[in-house]
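In the text below, chain A, chain B and the rest are named by the order of the sequence lines, each starting its count at 1. FYI, side chains are in, hydrogens and waters are out, and symmetry mates aren't considered; it's all heavy atoms of this structure. Quick caveat, the model's predicted, so the values are computed rather than measured.
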Amino acid sequence: MTEKVDYKQTMNLPDTAFPMRASLATREPEWLRFWDELDIYRRCLEANENGPVFVLHDGPPYANGHIHMGTAFNKVLKDLVVKYKSMRGYYAPYVPGWDCHGQPIEHQVEKDLGPERMKEISQADLRALCRDYAMRFVGVQAAEFQRLGVQGDFDDPYLTLNPAYEAGNVKVFAEMYRRGMVYRGSKPIHWCYRCKTALAEAEIEYGDETSHSIYVKFRFTDAPEPWAAEDLPVSVLIWTTTPWTLPANVGVTLADDADYVGVKVAGEIVVLAEALVESVAGIAGWEDYHVLPTRVKGGALAGLHYVLPVHTDGTGVIITGEHVELSTGTGAVHTAPGHGEEDYLVGQRFGLPSLMPVDDNGVFDAGGGPFAGMHVEKANPVIIEWLREQGSLVHAGTTSHSYPHCWRCKKPVIFRATEQWFVSMDATGLRDAAMQAMKGVEWVPGWSVNRIGSMVADRPDWCISRQRAWGVPIPVFACVACGETVATDETFAAVEHLFATEGADAWFKKKPAEYLPAGTACPRCGGSELKAESDIVDVWFESGVSHTSVLEARPELHRPAELYLEGSDQHRGWFQSALLTSVGAYDQAPFSAVLTHGFIVDGDGRKMSKSLGNVISPLDVVSKYGADIIRLWVASSDYSQDVSVSDEILERTSEAYRRIRNTFRFLLGNLADFEPSLAVPYDQMPELDRYALVSLGDLVSRVTKAYDEWKYHTVYRAVYDYCVVELSAFYLDVLKDRLYADAAGSHSRRSAQTVLAAVLGDVVRLVAPVLSFTAEEVWQSAAEPLRDGVVSVHLAGWPVAEERADAADLRAAYGVVLAARDAATKALEDARNAGEIGKSQQARLRVRAVPADRAVLEARGAEALAEMFIVSAVVLEPADDGEAEAGAPRVIVEAAEGEKCPRCWNWRELGADDLCARCSTVVSAL
RNA sequence: GGGCCCAUAGCUCAGCUGGCUAGAGCGCACGGCUGAUAACCGUGAGGUCGGUGGUUCGAGUCCACCUGGGCCCA
């Protein structure tokens, strides 16, 4: 019996302090402190001071609430872009921003305040509360974004409530105004006559309401052709639930393509959609009626005139629209552009006037005709009676339907046109210019341009005014004497200066005379008393002008930005408002490229909502898995579609992370005693090592290309597969014998370490934009000589794929070798299942390959093949006739000859010391 | 109801301009190893490509419709 010797001590086993368990949740904050002390954001900028500039311009999230999966995804994606560009040598500043104005914050503050205190508070005080509210959440979100590893100028972000930002609004508005694309018009909005206020869509609560339901005849001025022969009065029959809007009627909208018929009833003819005759007859209680045979398309009736229902001395016109429903009503829609959104839009298209005879209190003015002075609600029954007297009422009943209510007083609201400010899409050719400008932009993914294109092509004029408190005022004045708008280069300059120095709050505290140049007067009547406009600007306009307030204003940025990157909802939102304001003021798109991503959905592809109970919070993921897992999930997802997240997905991501982490750990462990001065030159390396470097170079090329094409999930895939397939399953597995058993300072082991150092150095940088924390941990765990004085992986630059003269030959040869290896592992598995072997080193393989392959294998040498197959010996044999055609080599497993070397576990002839020759030499030299 | 988009194994992804028995990794099952060990190695079983119809000699890959889902409108 030989005495058991512990040869383990004589081997070079991995040694590293880099822990297998990541403990990201606790360790990541330490790296955040490390970067903070390093001032890594500024260091990255300084390092690239002379590099090309790449500006990713942050779209400002709304400053309320905590971050959610969508904002986390967006910010991490941006961070990948910025960190990659920075490592590539670009000067890549990233200034995060927040959208601080707007109705949701104002609404929340008002709710917190309560109705009593709300009545007391001044606009200035209300604005101060809104500001506090916004600032609180800017702080909350900034901390949360940074926890995700997002790097940027969080010490000096841009906020839409900053004076300098507010001034930018004036600058852009002024330029667009000067160019003649801003005008005053009217547009219907939700209005609560009890609270005497305009309401935003978000302030509307929908609830069931019982309304009047009336059918009314509008008499044609001349009997339309199809029914003229009957020689009876002909009317079009409409249905409405708001009798009080009839005084504002100017048109009747029909469905262009639907069939309309005349119904003879009670001695006259009423026209309505054929599909609705039966239901109307039932409701109206027609017993004796007759549908005339002639059918007419709605479009054929367009242009006919009828006598207005209330103002019977005037006429209205028949038009067509796509919003006409054929499931309820009559298929003929009473159209009052002053009192309905769709009516307004269709009215615009047909050039109908927008009558609005109702004042702030909901009372008819003179435009109400016989109902002037009456409140609309009280007028309803009166109007119905009046219509009955006129003989135009066909039926009056009630109906229950969903109707908008005021969130404050919970009472029904009305729709009512008011004076608003608009940006004209066509008066100065803004639409065409915008369509043109978007052609010069790179849209990722490509279909993205279709979406914004159709939006810009179809959109109505942009209503940019809001009747609210928390925002930036429309920077114009009205003459108190004559009502004329006063807005000149001088007043704009004064307001811009006012905002820049004191903020928009000053608008609500000072009188115009205090900041306008002396002598500013109304151009029409010469009046010198001016009133500041009380409306504020649409928040989309506000965020849109960041190209001016931020890109142009900050020295490190520029307009146009290289990239805007947001969720696909921003085609309608920020992308569009930025495009329109930039083209409007500068004839130029604000961005060179726009990247959009999908929305975050659950594992079944459904949107996240509290009611479905499928919401996952990024903060929970951070504390359970760590920010790097979120980052890896972001990188692994194809953002051009909606992106799923679920416990399973995160669990899988986490497993993938562990695999990558372990790969780094193995590399670090085997480089403990290595430094660059010990490196073996490429041309002196064993072939396998050269192949490994070629393969590494291929990875670098592939990954770099993927980053450049914004395909992060390809980056992830490539790196992960490389770790698993190339390294773990092949190269590293093969290398263990050499690394552990050869002499520590041997050429063969140093060669392997040279490769491992290259792999470590390259891969850690390839993943640094994604696994920012872990890459830093790896970097700091590497021996100092390997880091060469670079204090952070994020300052380490980008790896270069080296060109190797023998690369093509090696790729071809190793294609054959790896195919043979596959055949070998299969054969070994069979032998294992048959109980013939355990470890592969117990085997000796006879490999029979077709001549071409055998030549390739022979050129590597049997010893090299044994090393690569991790067996004790390989014998190459000619294939039998029957095997000659086979693609993969045939492999026969036999027991290895010799005995198991107690040190390296290969089966060899053992010497006097009971060791194999290699181990004997190594041990005796110790 | 409209515009844009999506739908390949349990998961994440490949499948270019239509052409061999639809691929990868993970997960899973089984096995090995115990010198990457809350690791590592191997083998294997899983999709007929959301559905229907069509174009074609041939379709996951083109067309139509449908179903389900997402964003934005209405």
Apply ring pair (Phe, Tyr, Trp, His ring centres under 6.0 Å) to A/W710 and A/Y639, showing your working. CA-CA 10 Å; A/W710 324 104; A/Y639 61 75; 8.9 Å; no
Classify the nucleic acid contact of [X] as base, sugar-phosphate or nothing, counting any heavy atom under 4.0 Å across all strands shown.
| X | answer |
| --- | --- |
| A/W905 | base |
| A/R903 | base |
| A/E651 | nothing |
| A/A656 | nothing |
| A/H713 | sugar-phosphate |
| A/R21 | base |
| A/G669 | nothing |
| A/S637 | sugar-phosphate |
| A/R665 | sugar-phosphate |
| A/K826 | sugar-phosphate |
| A/M11 | base |

Taking the six-membered ring for Trp and the single ring otherwise, decide whether the centroids of A/Y625 and A/W633 are under 6.0 Å apart.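 Ring centres of A/W633 and A/Y625 not closer than 6.0 Å.
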Choose from [options] the nucleotide whose nearest atom is closest to any side-chain atom of [X].
| X | options | result |
| --- | --- | --- |
| A/D638 | B/A36, B/C13, B/G25 | B/C13 |
| A/E648 | B/C11, B/C4, B/C73 | B/C11 |
| A/E829 | B/A36, B/U43, B/C26 | B/U43 |
| A/M20 | B/G25, B/C71, B/U37 | B/U37 |
| A/R606 | B/C5, B/G68, B/C71 | B/G68 |
| A/T825 | B/G42, B/A36, B/G3 | B/G42 |
| A/R658 | B/A39, B/G27, B/G70 | B/A39 |

With a 4.0 Å limit, can you tell me whether [X] has a side-chain N or O closer than that to the phosphate oxygens OP1/OP2 of [N]?
| X | N | result |
| --- | --- | --- |
| A/R572 | B/C73 | yes |
| A/S728 | B/C41 | yes |
| A/Y740 | B/A36 | yes |
| A/K8 | B/G35 | yes |
| A/R652 | B/G27 | no |
| A/S840 | B/G32 | no |
| A/K839 | B/C41 | no |
| A/N450 | B/G3 | no |

Between [atom2] on [N] and [atom1] on [X], what's the gap in Å once rounded to a whole number?
| X | N | atom1 | atom2 | answer |
| --- | --- | --- | --- | --- |
| A/R451 | B/G70 | CZ | P | 14 Å |
| A/K607 | B/G68 | NZ | P | 15 Å |
| A/L739 | B/C40 | CG | P | 17 Å |
| A/D458 | B/C72 | CG | P | 18 Å |
| A/I870 | B/A36 | CD1 | P | 11 Å |
| A/L732 | B/A39 | CG | C1' | 13 Å |
| A/N614 | B/G70 | CG | C1' | 13 Å |
| A/D830 | B/C41 | CG | C1' | 16 Å |

A/Y707 six-ring centre to A/R702 NZ/CZ under 6.0 Å and within 45° of normal: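 Judged by the rule, A/R702 and A/Y707 form no cation-pi pair.
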Which one of A/N670, A/D673, A/D689 satisfies the side-chain hydrogen bond (donor to acceptor under 3.5 Å, both in side chains) criterion with A/Q753?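 The residue from A/N670, A/D673, A/D689 that satisfies side-chain hydrogen bond (donor to acceptor under 3.5 Å, both in side chains) with A/Q753 turns out to be A/D673.
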Separation between the [atom1] atoms of [N] and [M], rounded to whole Å:
| N | M | atom1 | result |
| --- | --- | --- | --- |
| B/U61 | B/C16 | C1' | 10 Å |
| B/A9 | B/U48 | C1' | 11 Å |
| B/G47 | B/G31 | P | 23 Å |
| B/G19 | B/A59 | C1' | 9 Å |
| B/C26 | B/C71 | P | 34 Å |
| B/A29 | B/G35 | P | 25 Å |
| B/C57 | B/A74 | P | 48 Å |
| B/C63 | B/C6 | P | 11 Å |

Look at A/E709 together with A/K705 and state whether they make a salt bridge at an N to O cut-off of under 4.0 Å.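 A salt bridge is present here (some side-chain N lies under 4.0 Å from a carboxylate O).
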Got a salt bridge between A/R811 and A/D698, using NZ or NE/NH1/NH2 to carboxylate O under 4.0 Å?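 A/D698 and A/R811: salt-bridged.
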Please identify which of these residues, A/L786, A/T16, A/D15, meets the side chain to side chain contact (heavy atoms under 4.5 Å, CB included) condition with A/L668.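 The single option meeting the side chain to side chain contact (heavy atoms under 4.5 Å, CB included) with A/L668 is A/T16.
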Taking the nucleotide of RNA chain B with the closest heavy atom to each, which residue, A/S636 or A/N833, is nearer the 5' end?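 With A/S636 and A/N833 compared, the 5'-side residue is A/S636.
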If you assign A/S644 and A/G838 each to the RNA chain B nucleotide with the nearest heavy atom, which residue ends up on the more 5' nucleotide?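 First, find each residue's nearest nucleotide; the 5'-ward one identifies A/S644.
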For the residue pair A/S748 and A/D742, confirm or rule out a side-chain donor-acceptor distance under 3.5 Å.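 Yes, side-chain donor-acceptor contact under 3.5 Å.
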Distance from A/Q841 atom CD to A/K900 atom NZ, nearest 0.5 Å?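 So the gap between those two atoms works out to 8.0 Å.
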Quick one: the dot-bracket string of RNA chain B, using Watson-Crick and G-U wobble pairs with both distances under 3.5 Å, [ ] for crossing pairs and | for bases paired to another strand. (((((((..((((.....[...)))).(((((.......))))).....(((((..]....)))))))))))).
With distance as the sole test, does A/R821 use its side chain to make a donor-acceptor pair with the main-chain N or O of A/M868 at under 3.5 Å?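 The answer is yes, because a donor-acceptor pair under 3.5 Å joins these two groups.
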Does A/L580 reach the side chain of A/W462, with side-chain heavy atoms less than 4.5 Å apart?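 Contact flag for A/L580/A/W462 side chains = yes.
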Any side-chain heavy-atom pair of A/R738 and A/R749 under 4.5 Å: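 With C-beta onward as the side chain, the pair stays apart.
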Using a distance-only criterion (donor-acceptor N/O pair, under 3.5 Å, no hydrogens), is the base of B/C26 paired with the side chain of A/R659?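 There is none.
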Does a distance-only test, which skips hydrogens and angles, find a donor-acceptor pair under 3.5 Å between the side chain of A/R832 and the base of B/U43?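 In this structure, the two groups form no donor-acceptor pair.
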Is the glycosidic torsion of B/G46 within 90° of 0, making it syn, or is it anti?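 The base of B/G46 is oriented syn (glycosidic angle within 90° of 0).
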